[in-house]
Amino acid sequence: MRPQSPTGVPRVDMSKPNAARMYDYHLGGAHNFEPDRMLAAQVEQVAPWVKDVARINRAWLHRVVDFLMSQGIRQFLDLGSGIPTVGNVHEIAQRVDPGARVAYVDYEPVAVHHSFELLKDNENAAIAWADIRDTRAVLEHAEVARLIDFSQPVGLLIVGLLLFVDDDADPAGLVSGYRSACPPGSYLAISTMSQDDADPRTREELAGLLSLYEGADERITPRTKETIESWFAGTELIEPGLTLLDEWRPDREASTSPARTLGYGGVGRVLGSRDEH
Ligand SMILES: C[S@@+](CC[C@H](N)C(=O)[O-])C[C@H]1O[C@@H](n2cnc3c(N)ncnc32)[C@H](O)[C@@H]1O
């Protein structure tokens, strides 16, 4: 069956800066509009390392997908997948095994549109237009159901997403909802923002960034390492545990940018009910 065009995608509100499109701008992408570029440029003034946050996060995602492929994972559910850029999950996975399947999920119309265009000839990857805060809508989405066999281990990717999910939306409950849909032997990968390890100057610059994001359509909420670790309930953290992104199975020298102290990530193997006792 050919992937279906996403329906019901709302018109893009180009008047308000959007976090997904600003991230695309920071990564050097072209899928952004003037208000996105204006706010992103202001953010770069107060937090000159912001591009490095995006790059470090993408490099981490790349290493995680390589690792999960080496563990035999052949299907990925990528929540908050973003605007396609260099090194998308299906490209990394399908280079190793063209049969690897990837269901992307995002709610931002530009991300959905470009993902659809990129993937329309790829039988094994598709975008689901859905809000990840509606677990059921995601898990029952036709493309997710077509690509992901929840009786087999899944690579559940929640990368650079939860910083945009307010505490009111219960990120722990959301993660737990998705994790429990995945069988034991699946892997949960989470990266998000924390300032636990940032020096005073970087914290101050981050405060400037956070207040500028008040003008975008999504706020950013950094979390403590303790909170992030709690999201891995029901999994066993893989070595080296929850770390700064650059320190998780590095394949190059660590960045010297202050951005390296702002992102945490970890990968947990989903336990069965027997493993938990
Ligand atoms: C910073 S980008 C991360 C993209 C990619 N995962 C990465 O790490 O490079 C965050 C993405 O999450 C999406 N997002 C934020 N909240 C969402 C929600 N409630 N439902 C679906 N997507 C969401 C945004 O539209 C954006 O594309």
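Each ligand, and each atom within it, is numbered from 1 in the order the structure gives. Both backbone and side-chain heavy atoms feed into the values below; hydrogens, waters and symmetry mates do not. Computed from a predicted structure; not experimentally measured.
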## Note on the structure
By salt bridge (charged side-chain N to carboxylate O under 4.0 Å, His left out), Asp166 pairs with (sequence neighbours left out) none

#### Entry: Residues in salt bridge (charged side-chain N to carboxylate O under 4.0 Å, His left out) contact with Glu140, at least two apart in sequence or another chain
Arg136

### Message
Strictly below 4.0 Å, N to O, side chains only: are Glu205 and Arg201 in salt-bridge contact?
### Response
yes

### Query
Of all residues at least two apart in sequence or in a different chain, which pass the salt bridge (charged side-chain N to carboxylate O under 4.0 Å, His left out) check with Glu34?
Arg37

### Query
Any Lys/Arg nitrogen of Arg133 or Asp131 sitting under 4.0 Å from an Asp/Glu carboxylate oxygen of the other?
yes

### Task
Answer yes or no: is there a side-chain heavy-atom contact under 4.5 Å between Pro183 and Gln152?
no

### Query
Near ligand 1, which protein residues have a heavy atom under 4.0 Å away?
Ala20, Tyr23, Asn57, Arg58, Gly80, Ser81, Gly82, Asp106, Tyr107, Glu108, Ala130, Asp131, Ile132, Arg133, Val159, Gly160, Leu161, Phe164, Glu218

